[in-house]
Protein chains: 2
Amino acid sequence: MKIRIVVADDHKIMREGLKALIDKQPDMEVAAEAQDGLTATRLARKLLPHVIIMDIGMPEMNGIDATREIVAENKDVKIIALSMHSDRRFVLEMLKAGASGYLLKDSAFEELVTAVHTVMTGQSYLSPRITDIVVKEYLHNLPRNDSTVFTILTQREREVLQHLAEGKTTKQIASTLNLSVKTVETHRQQIMDKLQIRSVAELTKYAIREGITSL
Amino acid sequence: MKIRIVVADDHKIMREGLKALIDKQPDMEVAAEAQDGLTATRLARKLLPHVIIMDIGMPEMNGIDATREIVAENKDVKIIALSMHSDRRFVLEMLKAGASGYLLKDSAFEELVTAVHTVMTGQSYLSPRITDIVVKEYLHNLPRNDSTVFTILTQREREVLQHLAEGKTTKQIASTLNLSVKTVETHRQQIMDKLQIRSVAELTKYAIREGITSL
DNA sequence: GAAGGTATCGGGGTTTTCCTGATTTTCGGG
DNA sequence: CCCGAAAATCAGGAAAACCCCGATACCTTC
């Protein structure tokens, strides 16, 4: 039986390229594609794929939060992050979220094949450059630097922040997340209190600096 | 004779995906790949391909400068930009540099096939979303260059925008500039109308891109 | 001197935000 | 198993911001 894979990336041409490569593998097939994190969680629940190739920077829900949700629901689904960021914050948060592998988009496709086979055996696979980062982190146990978004904000708060920084209105966010407007307001207030920020403008700048939205 | 294509993108897995898709086309073949702009210019000189698929964000030399050099040397080489940015500055600079096409990475691969065939006949091809931008730009009748903030916004509007992007409230701005709240509101409305933006978040991102506020 | 863009305000209604609560859920020790 | 803290959910009411209208005055441009 073939390894069933879901590809989650916001760039369609990237998804198609990956699908073309994966489907050429005799023991793999792409079961579905997701253009955002929310869709990825739904597909994971519905299709129960063996592996999900997950981009990090995506609309609606970022790859890290999506990974956390999927793994919480079903640990058998292996997730391989495929990101352009080698930033240690993304790597560590992705692994903490439950990802089994982390590849850079610089990698050769052959590496992705290896990664899929590796995670299917229950092991982890990291790009060589990523391995360096993890080892250094392990050795140093650094007094962690400036990144605060994953330490002082909850998952829900990050979701709300991401939508805010994308210019969504409170009402739109409430609708998207199936919450009342009041709840979203409370989250926004909580975010602002934690970050000691009092405007959407500075909130947006913070989100950009922390990498959870793009310019 | 097949259309000979060079793929220039800094992400190897992207190049491989594109190559897999392109080589499935009966009338196309990938002649070479470049991982940066400098390599792309060398390959263009050496191989004289029909088409170059060019990413914009690359190390060594960005796709825009690479395009300029290649076109200056040989106008017969058609260049199609394949970018994740729909930002008007990138689009315009790329077209000014001599690109014959501009596709977003969101696009379907089928669009890239169409684009290649189109540019081979000497015409231009743009993604629908990009076309919108170019048309809007044309209608706005902007005589020249990149930065829009100094051409379509007045000085007063720029002042207000800057304060907005710094997180000031309407009341604070009115106080600072010795204006009534109503006047500031009108300016904000005028700014949003001109830029076709409907949220402070996106306004902030615009201000950052234009350099009138900092992160 | 008419036209058009800029800069300045206001009225009045709608929406959002802000502040202060409160309840339920979750989850890790004791 | 219970307990408490953190997280997630929601409400009411006042303040602020937003939106859609219109108005005046001051420029330049044609």
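So that the names make sense, note that chain A is the first sequence line, chain B the second, and so on, each numbered from 1.
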Report summary line: Taken to the nearest whole Å, CZ/R156(B) to C1'/dG5(C) is 16 Å

Report task. Could you verify whether a donor N or O on one side chain and an acceptor N or O on the other, from D55(B) and H11(B), lie under 3.5 Å apart? Result -> no

Query raised in the report: Would you say the side chains of T186(A) and T183(A) form a donor-acceptor pair under 3.5 Å?
Result: no

**Report entry** Value in whole Å for how far the C1' atom of dA6(D) lies from CD of E157(A)
**Finding:** 10 Å

**Report entry** Side-chain heavy atoms of D9(B) within contact of Q35(B), under 4.5 Å
**Finding:** no

Query raised in the report: How about V30(A) and D23(A): do any of their side-chain heavy atoms sit closer than 4.5 Å?
Result: yes

Query - Rounded distance (Å) that lies between atom C1' of dT9(D) and atom CD1 of I173(A) - result: 16 Å

Query raised in the report: Can you tell which of dT6(C), dT9(D), dA7(D) lies closest to the side chain of H187(A)?
Result: dT9(D)

Report task. For H50(A) and R4(A), indicate whether the former's side chain and the latter's backbone hold a donor-acceptor pair under 3.5 Å. Result -> yes

**Report entry** Donor-acceptor contact below 3.5 Å, side chain K12(B) vs main chain F109(A)
**Finding:** no

Query raised in the report: For nucleotides 10-20 of chain C, read 5' to 3', which letter fits each nucleotide if B means a protein heavy atom sits under 4.0 Å from the base, S means only the sugar-phosphate is that close, and - means neither?
Result: BBB---SBBS-

Requested in this report: Counting heavy atoms from C-beta on, name the nucleotide in dC10(D), dA7(C), dA8(D) closest to the side chain of L179(A).
Outcome: dC10(D)

Query - For atom CD of Q190(B) and atom P of dC9(C), their distance in whole Å - result: 16 Å

Report task. For L177(A) and dT9(D), give me the distance from atom CG to atom P, rounded to whole Å. Result -> 8 Å

